[in-house]
Amino acid sequence: MDISLLLDNLNDGQRNAVAASSKHQLVLAGAGSGKTRVLVQRIAWLLNVENVSPFAVMAVTFTNKAAKEMRARLEEVLNVPANGLWVGTFHGLAHRLLKQHWREARLPQHFQILDSDDQLRLIKRLMKAHNIDDSRYPPKQIQWFINGQKDEGRRAAHVIPSADPFQETLRTVYALYEENCQQNGLVDFGEILLRSHELWLENPDLLQHYQQRFRHILVDEFQDTNNIQYAWIRILAGQNISVMAVGDDDQSIYGWRGANIDNIRNFQHDFPGAELIKLEQNYRSTANILAAANAVIENNQGRLGKNLMTQGEEGEPISLYSAFNEQDEARYIADLVDEWSRGGRLRAEMAVLYRSNAQSRTLEEAFLRSGIPYRIYGGQRFYERLEIKNALSYLRLLLNRQDDAAMERVINVPARAIGEKTVEILRSHAREQGCSLWQSAHEALSLGLLPKRAGTAVQGFIDLIDEMSVGIHELKLHEIVDNSITQSGLIEHHKKEKGEKGQARLDNLEELINAARQFESGDYLPADEVDDETEENSGQTDLAIFLDNAALDAGEGQADEYEDAVQLMTLHSAKGLEFPQVVLAGLEEGLFPHKMSMDEAEGLEEERRLAYVGITRAMEKLIITHAESRRLHGQENFSTPSRFIREIPDELIQEVRLKNTVSRPLMAKHNRGGYDTPAQPDFVKQEQSAGVPYDLGNRVYHEMFGEGTVLQFEGQGPGLRVQVFFDDAGQKWLVANFAKLEKI
DNA sequence: CTGAGGCCTATTTTT
DNA sequence: TAGGCCTCAG
């Protein structure tokens with residue numbers, strides 16, 4: 001391959017990274033600086049120019065999405081399938097390792113992956129079994145604790161005993177949980193990493209094997225690594241493997257779940273001689289947007305130091321809209337979308353970003369009212385849905401009767417008269433015998449441990465599963481899935497459910513069959529799934545791989561909508577994306593920065609990085625909104641504009657004063673007597689007030705309350721309510737139909 | 001087993 | 001305010 005092809009059209013920083021000859025590199029890649037491109041070209045460079053074998057390269061990402069994208073772009077550049085390369089998520093690669101070396105890892109060959117839902121159930125069950133009060137020790141918190149410990153590489157035995165009984169309980173449950181997992185061959189997400197780290201630690205030969213195999217490791221989003229992930233990289237890298245870490249300390253926003261920003265700060269120390277390469281040329285945003293981002297992030301301490309620049313144009317100023325409450329804010333944003341699409345742009349080019357999911361509701365309502373198509377990101381993932389998890393549990397049982405978690409889940413779904421009592425008998429017998437639930441069910445039947453009715457029901461379940469597995473080796477994957485959701489009665493079960501929910505669940509099950517069908521066609525298979533070390537893979541059926549894949553990939557939140565829709569999402573989920581027009585909503589003290597994070601410097605700085613991430617998502621136009629009052633948890637809250645707004649230089653900001661909007665509640669500033677209609681009386685907001693003869697800002701008369709000013713509308717038709725500020729009676733919400741307000 | 005009603009809580013999310 | 005979760009009655 002022509003070298004110039006790989007280096008053409010790169011700026012200096014990018015070129016330095018792609019063609020680096022140093023042993024290690026820390027690439028500080030600012031937002032929109034072409035990070036993925038560099039990563040991909042670097043790999044191409046290694047393969048084609050330095051003639052590194054594809055088997056000697058590992059590229060690690062955080063999300064499946066990122067891994068997929070990298071692989072796709074790599075194949076585009078290389079023009080051949082990226083065979084042999086290990087490209088994947090930390091968890092994906094570590095899992096693969098454990099699969100291959102299950103004996104050394106002290107795991108059963110078919111260990112099960114526990115997702116956070118399964119994990120929580122197990123914790124709850126253990127607590128119950130050991131009489132630990134779950135109101136004093138919330139299972140969620142214990143789960144959090146366990147995961148946190150694992151992220152730090154600590155097993156239960158490593159947790160230092162404490163005089164504090166609370167801490168002791170945490171430690172105890174961790175120990176119980178650990179023991180139970182080991183006994184039943186269960187592995188949670190944290191365990192995948194921890195275990196594979198230990199695998200190397202305890203098996204020097206194995207480690208050496210991999211250290212000789214790999215020559216280059218590339219890590220994406222390095223600022224998001226937690227301690228165990230960093231340790232994993234370090235132990236693998238050893239003395240001889242080159243590591244290229246790509247990341248941006250200013251975009252570290254996952255500290256709260258264990259990501260350690262110091263990993264990026266310490267990289268050059270831990271990997272001596274690592275070359276620092278900065279990518280500061282931004283190809284995404286206008287100069288104004290960048291200037292705002294830079295100004296905000298400058299307020300953080302201890303940055304590695306990086307200033308984004310652009311050669312692009314100055315662009316429009318940043319708009320700032322001070323809404324009077326969250327309804328007003330949402331309405332304003334809805335208007336912006338309309339304006340944008342009337343200007344001939346796609347709504348999908350516009351995103352509304354917010355700090356917390358609760359904010360989406362008001363926006364959603366406003367969009368609904370205005371008939372604007374929208375799409376909300378986040379929410380429940382496909383493979384996490386109840387009906388899907390149930391279906392997968394049946395499949396897991398087909399494959400492995402010893403899978404207690406799966407059996408627990410579906411033994412009585414759909415209801416087949418196997419109640420908690422019966423399950424508890426099976427459980428305790430299993431515990432005594434040290435066997436699986438399935439085994440226990442068999443024994444309970446032959447020993448007559450169960451009452452007659454329960455016995456019949458359990459027998460029925462056993463027969464059902466056995467029946468379902470007849471001939472699965474002859475069937476295609478999607479047929480297995482199809483049969484099992486039908487035979488298990490899940491389809492019937494959800495058909496009976498009333499409302500739209502049941503239908504949605506049926507659709508999802510249908511979608512699962514589809515997913516299986518796609519899986520068969522093979523394009524799912526990362527090309528490297530079939531590589532040099534398949535010995536252990538041979539016995540794996542399609543079904544097993546499908547299930548593992550489902551466990552490690554939550555799937556998208558929702559299916560794509562066909563319609564051109566505005567994108568709504570949290571700031572966190574916007575990382576890595578870009579949009580021509582971006583609205584940052586709810587920039588208020590207490591909401592953003594969030595009150596849970598603003599007391600400590602670390603927390604506040606992470607919030608600021610989040611703001612930085614938000615601002616740098618915008619390509620052409622950025623709009624910031626905040627509301628002076630916001631209803632939250634049923635309570636009206638007043639808040640001041642976010643400090644992050646103040647941190648943006650005034651000259652970059654243009655305040656919006658719409659002629660057709662009440663942008664200030666006014667009455668907060670004036671006394672009743674001095675209250676007057678706003679200066680610009682031409683209110684055009686007809687749609688809210690349809691059906692009543694007055695509009696926002698109009699003076700009206702009420703029999704009892706006297707004269708006042710219309711502040712806002714809510715609801716429609718007979719439910720239409722109107723808020724009026726009465727000169728003598730103060731602020732009131734009235735149902736328009738009953739209030740008999742007259743325009744003065 | 002289902003449904004009604006009471007209680008509690010309420011950042012961010014991937015694997 | 002609202003949704004999730006749990007308990008209890010039928």
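Hydrogens, waters and symmetry mates play no part in the numbers below; they use all other heavy atoms, side chains included. Chain naming here is simple, since letters A, B, ... match the order of the sequence lines and numbering starts at 1 in each. Computed from a prediction, not measured in an experiment: that's the story for all the values here.
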Checklist entry - Would one find a side-chain N or O of A:Lys150 under 4.0 angstrom from OP1 or OP2 of B:dT15? => result no
Item to check | Of A:Phe189 and A:Arg355, the one whose closest DNA chain B nucleotide lies more 5' | outcome: A:Arg355
Next on the checklist: If I take atom CD in residue A:Glu600 and atom C1' in nucleotide B:dT12, what distance separates them, rounded to the nearest angstrom?
Outcome noted: 16 Å
Item to check | Residue pair A:Phe111, A:His95: steps toward the ring pair (Phe, Tyr, Trp, His ring centres under 6.0 Å) verdict | outcome: CA-CA 10 Å; A:Phe111 62 87; A:His95 173 249; 5.7 Å; yes
Checklist entry - Relative to the ring of A:Phe145, is the ring of A:Tyr174 parallel (under 30°), tilted (30 to 60°) or perpendicular (over 60°)? => result perpendicular
Next on the checklist: Less than 4.0 angstrom between a side-chain N/O of A:Arg361 and OP1 or OP2 of C:dT1, yes or no?
Outcome noted: no
Checklist outcome for this item: When rounded to whole Å, the CG to C1' distance for the pair A:Leu120 and C:dC6 reads 14 Å
Next on the checklist: Heavy-atom nearest nucleotide on DNA chain B for A:His572 versus A:Thr89: which residue maps closer to 5'?
Outcome noted: A:His572
Checklist entry - Taking CG from A:Leu186 and C1' from B:dT15, how many angstroms apart are they, rounded to a whole number? => result 16 Å
Item to check | Proximity to the side chain of A:Arg381 - top-ranked nucleotide from B:dT13, B:dC1, B:dT14 | outcome: B:dT14
Next on the checklist: Check this one for me: any side-chain N or O of A:Asn147 less than 4.0 Å away from OP1 or OP2 of B:dT14?
Outcome noted: no
Checklist entry - Which part of the nucleic acid, if any, lies within contact of A:Glu384, taking any heavy atom under 4.0 Å across all strands shown: a base, the sugar-phosphate backbone alone, or nothing? => result base
Checklist entry - For A:Asn357 and C:dG3, what is the distance between atoms CG and C1' respectively, to the nearest whole Å? => result 13 Å
Checklist entry - A:His594 stacking on B:dT11: centroids under 5.5 Å, ring planes under 30°? => result yes
Item to check | A:Phe62 ring over B:dT15 six-membered base ring, under 5.5 Å and 30° | outcome: no
Checklist entry - When the distance from CG of A:Leu114 to P of B:dT15 is rounded to whole Å, what number comes out? => result 17 Å
Next on the checklist: Looking at A:Asn64, I'd like to know whether one of its side-chain N or O atoms comes within less than 4.0 Å of OP1 or OP2 on B:dT14.
Outcome noted: no
Next on the checklist: I'd like the C1' distance from B:dT13 over to C:dA2, given in whole Å.
Outcome noted: 22 Å
Checklist outcome for this item: Taking B:dT14, B:dT11, B:dT13 as options, the one with an atom nearest any side-chain atom of A:Met596 is B:dT11
Checklist entry - When you measure from the side chain of A:Asn412, which nucleotide among B:dT15, B:dT12, B:dC1 comes out closest? => result B:dC1
Checklist entry - Between A:Arg643 and A:Glu647, does at least one N-O distance fall below 4.0 Å, as a salt bridge requires? => result no
Checklist entry - Looking across every strand, which nucleic acid part, if any, lies under 4.0 Å from A:Ser573 by heavy atom: base, sugar-phosphate, or nothing? => result sugar-phosphate
Item to check | Charged N-O contact under 4.0 Å between A:Asp220 and A:Lys35 | outcome: yes
Checklist entry - What does A:Ala551 touch in the nucleic acid at a heavy-atom separation under 4.0 angstrom: a base, only the sugar-phosphate, or nothing? => result nothing
Checklist entry - Can the positive tip of A:Arg608 be found less than 6.0 Å from the middle of the six-membered ring of A:Tyr612, inside 45° of the ring normal? => result no
Item to check | Integer angstrom distance from the P of B:dT12 to that of C:dC5 | outcome: 15 Å
Checklist entry - Of A:Lys150, A:Gln119, A:Gln182, which is the lone residue that meets side chain to side chain donor-acceptor pair (under 3.5 Å) with A:Glu191? => result A:Lys150
Checklist entry - Taking atom P of C:dT7 as reference, at what distance in whole Å does atom CG of A:Asp134 sit? => result 8 Å
Next on the checklist: Whole angstroms only, please: what is the CD-C1' distance between A:Gln359 and C:dA2?
Outcome noted: 16 Å
Checklist entry - Checking all strands, does A:Asp151 fall into the base, sugar-phosphate, or nothing category for heavy-atom contacts under 4.0 angstrom? => result nothing
Item to check | Distance in angstrom units between A:Leu591 CG and B:dT12 C1', rounded | outcome: 12 Å
